[in-house]
Each structure stands twice: as structure tokens, then as C-alpha cells.
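Below: the structure, in C-alpha cells.
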Amino acid sequence: MQGLVDFLKGIGAARFGAMIAVTAALIGFFAFVIMRVTTPQMTTLFTDLSVEDSSSIIKDLERQGIQFELRNEGSIIMVPKDKVTRLRMKLAEGGLPKGGGVGYEVFDKSDALGTTSFVQNINHLRALEGELARTIRAIDRIQAARVHLVLPERPLFSREAPEPSASIVLRVRGSLEAQQIRAIRHLVASAVNGLKPQRVSVVDEAGQLLADGAATDPEQALGDERRIAFEKRMRKQVEDIVSSVVGSGRARVQLSADFDFNKITQTSDRFDPEGRVLRSSQTREESSLTADNNGQVTVNNELPGNQQNSGVAAKDQSKKTEETNNYEISRTTKTEVTEAGRVNRISVAVLVDGIYSKNEKGEQVYQDRTKEQLDRIATLVRSAIGFDQKRGDQVEVVNLRFADAPSTAPIGEPSGFLGMLQFTKDDVMYFVELGVMMLLGLIVMFMVIRPLVKRILASDEVAAAISGVLAGPASGEAAPAAGGQALLPGGSTAASAIDVATIQGQVHAQSVHRVGELAERNPNETVAIIRQWLTEPAK
């Protein structure tokens, strides 16, 4: 203990305080590193939570004593990575998260006997709106949704019932396609009795009207959707067939289709005069015979069985034949209905890259494709789109060099031992964090601790050198030799090994500083010493 006390007295108060500060800083730094390394890796439990769901989940986590973090004003909850799967199943068992709305679970705890029909209807409306909002949130790009339904009751003694309507407010990531908007409208209309898709309005979080509920709105959007779907399908077909020839990513295809959305109904009758068929035939014959009595009217002529004159009398005979034939003529009736969306013309522009090869030096050399190759590619494109020259279709295939040359270095998949190390993004970030901590530790060791320790040790050496230099002349020893070495009392080999040239600046500085302090503290003694030096004769 006496040796420890002597050591502490020997190092001085300043150096002792510096050592305590360095030790405290080291303890704090390494404690931070150890805590940061041993802290469990956090991952996302749930995102886009409402305030109610976030509060319920936090209470459950605190009850279980599980560490968690809140981000984005409580809408994101982070938990240890090794517990996230179990927590999700545990919370799902308790019905969390609820999705920020009330569903059909509102009837689980209600008292049916003491509830009026009005309250039951309100709860049914709330439950229906909540379930629809949850279903809409399952669609891609939709973060949150709110649904408002208007289900009017039919007035008494009224034959006409007012139509129901709905309004939807969405918070989306990016933008929704027209097909997705139509799907949302039909989804809500199918879930509500009597609701038509035309009566559903959709608005996004920016106040932009996505669907205004007009009766003509679906019909107008149907034509554009059909054209876009047709162009997308044809473009994919052309890209697939061209990429199989020139290589993946070495072709660009643009396709434009002109559609006729007019609905045409056409009826035509055609008669064939050569195709006659006898349907019916009718023949009528008439004959008459009359005698010539010269116009005499007698009793004898009028009596029955009268005696005719023995002479030959002139007679009048007539015969009439009438024939009627009915024929059926062949008739063709044709009715054509052309629906909206008929293709009037298709225009295709195909841009293909050239051929890359290596020369003798290993450099890439670009070469244009021949006209024969371009003609073959154009023939394939015409076949893929159903080219019709009478319709006015156009196909252009052009060969130009792309700005980015293809990468020739093959990307090989890891195999063997490296193939077994399938690190995820979280694992990589964890290793990066460990590396940064180790690097910071090395920087602190070499840039902070090492200079402080070296400075403390150098202070001891400088103090020893100063004491030796000041003690030399006072003891009657020899002055510093020409070689730059000082011999301290006792002929110590350690003192003689001190390099005066190295510590000369520090010795002078500290000597001057010490003399200055002595002069300030004892001004009278300092003046007396100077007067004594002035009165002494020169040697």
C-alpha cells in the first residue's frame, strides 16, 4: 500500500486525473459497444397501424414483457427478430390488429334482447363498412380505406325505392390503374344489395376524384381499358418473339392500336332469281255450246221436249282454260352486329440492337444486322400481330446501336460452401454494424488512448530529464558533452542514454515556464539573485 501511495504521489494530480478520465471514457465506450452488439436485432411487427390498434398491441407487448420500438408516430412497431413470428400468431389469436375499423365482431358482445332495431341497423351498417374497408386494403398499393354507405329505406306507400350509394376514400402508394378502380367499384356494388357500380364514388387522399359515379363513366373507361389491354398483350407477344432472336433486353417495342368504339347493327335481304321453287298450281277450264234460233221466241221452242226442226241449225261453241302457278324465290336475311372495340389499324415500331463480338485483342466490336435479318424479324412481327395490309397496318423494324453495351461477364450463382451461406438483408446489415463497431474501437485505441498514454509517459521522461539537467551543474558535475549527452550524478547509465537533442525543446519550454512561475511567486528573491549576478566579476 505504501508503494501504491508513493506511486500516486509521484505521478501528480494532473496525470492522475487524466488517467481517470481515459479509464472512464474507455469503460463507457466499450460498455456502449457491448450493449449495442448484445441488443437483439429489431424487425417490423406491423406497419400502417391505426392509433387504436397500436395502443392495443403495445399494451399486449408490455404485459408479456417484450422489448419494442415505435416509429413513424406509432404506426410502425419493431420487435426482436426471433420473436416476430410467434407474436404475430399470438396477436392474431386475440384479433389484433383490427384494421382500424369495426367489422362483424361488433355483434359478438352485444345484447340482442335489449337492443332496438335502430341500433341493430346502425351496427350492421358499421360492420358492413368496416368489412368492406378491410377487403379493399388487401388490394395492392392501397394503404388505408374508408367506406361510407347510404342505404335509404323505402318510404311507405311508395312504389319506387331510392337507390343506395357509396363513397370510398383511399390512401394509396403511387397511383391506381383504371382496372383497379373498376374492380373496387364492382366489389362494393356486389357486397351491397341493390347497389350499382355507377353509384360508387372513389376519392384518393389528395382529393382527386378517381370515379365520379356518373352513369356513362364505366362505358367510357371500358373502351380505353380494352385498348390498353390489347396493346399490352400484343406488345408482350412481339417482345417475346423478338427477344428470342436478338437476346433479352436488346429490343424495344412500341405498339399503337386504333380502335373503333361505334356499335353497328346491319340487316340485309338477298333474293336469288335462279333459285325458284313451285309452291302451288291451279288449273280451271270452262266450255259452252249454244244453238242459233235466229232469235225467234215461240211456244214450241219453250216447251220441254219440243220438236226441233229437221233442218240443220247453226250452233255456237266456246272453251276457256285458266292456270295459276305460285313460285317461291330464294331469300337470305343477314343481320350483323359489330360491337364496340373493332381494330381499325395497328402500328408497330421495333428497335433492335446490333451484334457484339470480340476481336483479337479481346475488345467488343459492334456490327450492324443485315437487311435479311431485319426482314425476317419484320415477318415474325407481322405474323404475331395479324398484319392486314388492307386495314392499313404498319410495321417498322430498325437497327440502331443502344447506348449501353451488353455485359459479357457471366453472373454465376454461388455453389459449394458459399451456396450454403444464404444471408438475408438483415444478416448483412448486422455484420456491417459489427464491423463498424470494431473499426470504431480500433480508431479509439490508436487515435485516442495511445496518444494519451504516450503523452503521460513522455511527461515522466521529460520531468526526469529536467531534474537531471538542473541537478548536474549544482552537483559540480560535467556539463553536457559535445556529443549531445548529459552525465547525471552517480554516473548512471540510464541518465546518460537520454537524447538531449530529442527533448531539448520540451526541456527548455518547461524550464522557462518553471523559472517564470518562481519569479512570479518570489519577486524579491528574484531581484536579489539578478543583482548578485550583476555584481559578480566575470570569469
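Between the side chain of Arg88 and the main chain of Leu45, a donor-acceptor pair closer than 3.5 Å is present. Side chain of Ser243 to backbone of Asp240: no donor-acceptor contact under 3.5 angstrom is found. Using modelled atom types, one side-chain atom of Gln180 and one backbone atom of Glu177 make a donor-acceptor pair closer than 3.5 Å. Remark: the backbone N or O of Gly354 is not paired with any side-chain donor or acceptor of Arg250 at under 3.5 angstrom. Remark: side-chain polar atoms of Gln394 are not paired, donor with acceptor, to backbone N or O of Ile346 under 3.5 angstrom. Between the Ser75 side chain and the Asn72 main chain, a donor and an acceptor come within less than 3.5 Å of each other. Of the possible polar contacts, one joining the Arg154 side chain to the Arg159 backbone as a donor-acceptor pair under 3.5 Å is found.
Residues Ile66 and Lys90 form no side-chain contact, since every pair of their non-hydrogen atoms from C-beta on lies 4.5 Å or further apart. Proximity of Ile139 to Ile184: side-chain heavy atoms (C-beta onward) are separated by under 4.5 Å at one or more points. Counting only heavy atoms from C-beta outward, the side chains of Phe46 and Ile76 never approach each other to under 4.5 Å. The shortest distance between side-chain heavy atoms of Leu400 and Asp368 does not fall below 4.5 Å. Looking at Arg173 and Gln143, their side chains come closer than 4.5 Å, going by heavy atoms from C-beta outward. Between Asp353 and Tyr366, some side-chain heavy-atom pair lies under the 4.5 Å cut-off. By the 4.5 Å heavy-atom criterion applied to side chains, Leu128 and Val192 are counted as neighbours.
Separating the CE atom in Met42 from the CD1 atom in Ile77 is a distance of 10.5 Å, to the nearest 0.5 Å.
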Salt bridge (Lys or Arg N to Asp or Glu O under 4.0 Å) assessment of Arg376 paired with Glu372: CA-CA 6 Å; Arg376 291 181 179 178; Glu372 182 180 359; 2.7 Å; yes
Start with the C-alpha distance between Glu231 and Arg233, add both sets of side-chain angles, then the distance that settles salt bridge (Lys or Arg N to Asp or Glu O under 4.0 Å), and finish with yes or no. CA-CA 6 Å; Glu231 292 178 351; Arg233 177 173 57 86; over 6 Å; no
Under the salt bridge (Lys or Arg N to Asp or Glu O under 4.0 Å) criterion, do Arg126 and Glu129 qualify, and how do the steps go? CA-CA 5 Å; Arg126 292 176 58 197; Glu129 292 177 348; over 6 Å; no
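A salt bridge is absent between Lys320 and Glu285: the closest approach of a Lys/Arg side-chain nitrogen to an acidic carboxylate oxygen does not fall below 4.0 angstrom.
A donor-acceptor pair shorter than 3.5 Å cannot be found between the side chains of Asp393 and Gln389.
Between Met78 and Thr44, the shortest heavy-atom contact is SD-OG1, 3.5 Å.
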